[in-house]
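Scroll down for the structure; my scribbles are underneath it.
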Protein chains: 2
Amino acid sequence: MPSGRASDRAYESLRDEILQWRLAPGTVLGEVEQAARLGVSRTPLREALSRLLADGLVEAQSGRGLVVSSADVSDVRGLFELRAALETAAAALAAERREASVFSALAAEFEGAALLVGRHELDAYYDLVTRFDEAIDASVANPALVGALRGVRTHLQRIRRLAQDDPARLERAAAEHRLIAEAIRDGDAELARHATAVHLHASLRHILEATASDTKESR
Amino acid sequence: MPSGRASDRAYESLRDEILQWRLAPGTVLGEVEQAARLGVSRTPLREALSRLLADGLVEAQSGRGLVVSSADVSDVRGLFELRAALETAAAALAAERREASVFSALAAEFEGAALLVGRHELDAYYDLVTRFDEAIDASVANPALVGALRGVRTHLQRIRRLAQDDPARLERAAAEHRLIAEAIRDGDAELARHATAVHLHASLRHILEATASDTKESR
DNA sequence: ACAGACTTAAATGTATACACTCAAGCCCGG
DNA sequence: CCGGGCTTGAGTGTATACATTTAAGTCTGT
């Protein structure tokens, strides 16, 4: 019933488990152990681990042994520095490409996104954000830049667990996204760049505050 | 005589050959063929190919078979868009870190770099650029951003072959580097960002003009 | 009792044998 | 002569056996 290659199944299984925190940071991934658990032999498992290593989801631990890489607040700042560099550039480039119709429609959708959040249709909202990212990727039309963005988004998916879904924040995020979409629609590269910077600044600040209160609660 | 792991040897051999254009873009890399040629078995060779795939130096060709990825002018523009996004951010962050002494020394070295180029000590000049990049990486102190930069620099190394060593251009590049180093030394993030953008713009323009004349000559 | 070296076991690194898929070439039929 | 299906082979995907390295634990000698 699973798809073709054993190495793909192993990769996707491990990747999902890491992103969903079912495999916690620091977990040791022994080859024989994981191969037995996932029902594949060591050869395809090693290929899966290679890909995860390239993704930065696992890292070599002092010469011998692979462990799930860390994903705590200290990593978030650096990740957001990279994210800001890439996404501001991508937004500006998308604006320069002048594909107004797609982003006009997305801007209208973000205008109504507060309703989605209010009605607790969070999946629909996250889907909208995903389509927005895909529209930017398509407009940028730059494999190297889009590839770098994909890597960053992978790690962000794991961090999202740190910032619980906060409806008030999501409503503000929707407004920020709307502004970006409108700037791209209007071909205003500088505004798109700055609106993206503002959005990411607010997003990082929210995550840092949320994790700070988490620490307080768990004392 | 070579270092420990067979997979490392295979990876470094193939990587060097690709970067030096001894393996041309489009070359098919059969597993048994390359394993025999490099004197390793298929298992470590496959790991080497996995890493090259992650680096973007090889790519899957329509389902079956790996080939050396392309590296022509059409790829250069996109690569420089990514490079500009990353290096302007890195330069600005390095300036904010305010480690003046390192960049003060580098600025002085770039001041005398025209002499190196004039005396045809190009290796010494390239070494200086490498140390400059390493100083920025160390100041940025951001594994995610530095990792992305490493990937870009790998591809740039392959493209450098497209732009032949032009002493006049290198002298101007040294002056541009000097300006960046001085801006970082002075903690002027915005100037560091803009000076980097200027340098990359000039560098891209030079490559595009060089390749255009190459095309003309080879008719 | 402590330090150092040796043993041993577990985990990774490597090689090879086997299975399976896909593609190209050939043969047969219309 | 052309088209379709089958055969065959090359090459990748997987499993497993073997080699090697490293780290931990113990034992012995001082």
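In the text below, chain A, chain B and the rest are named by the order of the sequence lines, each starting its count at 1. Small disclaimer: the values here were computed from a predicted structure and weren't measured.
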Checklist entry - What nucleotide, of C:dA11, C:dT14, D:dG13, holds the atom closest to the side chain of B:Glu31? => result D:dG13
Checklist entry - Rounded to whole angstrom units, what separation is found between the OH atom of A:Tyr11 and the P atom of D:dT14? => result 16 Å
Next on the checklist: Counting only heavy atoms and a strict 4.0 angstrom limit, can you tell me which residues of residues 36-51 of chain B come near DNA chain C?
Outcome noted: B:Val40, B:Ser41, B:Arg42, B:Thr43, B:Pro44
Next on the checklist: Which nucleotide wins on minimum distance to the side chain of B:Arg5, given the candidates D:dG11, D:dT14, C:dT14?
Outcome noted: C:dT14
Next on the checklist: Is A:Ser7 close enough to D:dG13 that one of its side-chain N or O atoms is under 4.0 Å from OP1 or OP2 there?
Outcome noted: no
Checklist entry - By side chain to side chain donor-acceptor pair (under 3.5 Å), which residues pair with A:Glu31, not counting sequence neighbours? => result A:Arg42, A:Arg46
Next on the checklist: Over 60° means perpendicular and under 30° means parallel, so tell me whether A:His199 and A:His177 are parallel, tilted or perpendicular.
Outcome noted: tilted
Checklist entry - Looking at A:Arg131, A:Arg153, A:Arg150, which one forms a salt bridge (charged side-chain N to carboxylate O under 4.0 Å, His left out) with A:Asp137? => result A:Arg153
Item to check | Distance, nearest 0.5 Å, that separates CD of B:Glu176 from CG of B:Leu170 | outcome: 10.5 Å
Checklist entry - Any chance the side chains of B:Arg160 and B:Gln157 put a donor and an acceptor closer than 3.5 Å? => result no
Item to check | Pair A:Glu12 + A:Arg5, salt bridge at N-O below 4.0 Å | outcome: no
Item to check | Under-4.0 Å salt bridge between A:Arg51 and A:Asp8 | outcome: yes
Checklist entry - Can you check the A:Gln61 CD to D:dT22 P distance for me, whole Å? => result 16 Å
Checklist entry - Charged N to carboxylate O below 4.0 Å: is that the case for A:Glu209 and A:Arg169? => result no
Polar atom pairs (N or O), protein with nucleotides 23-25 of chain C, under 3.5 Å:
none

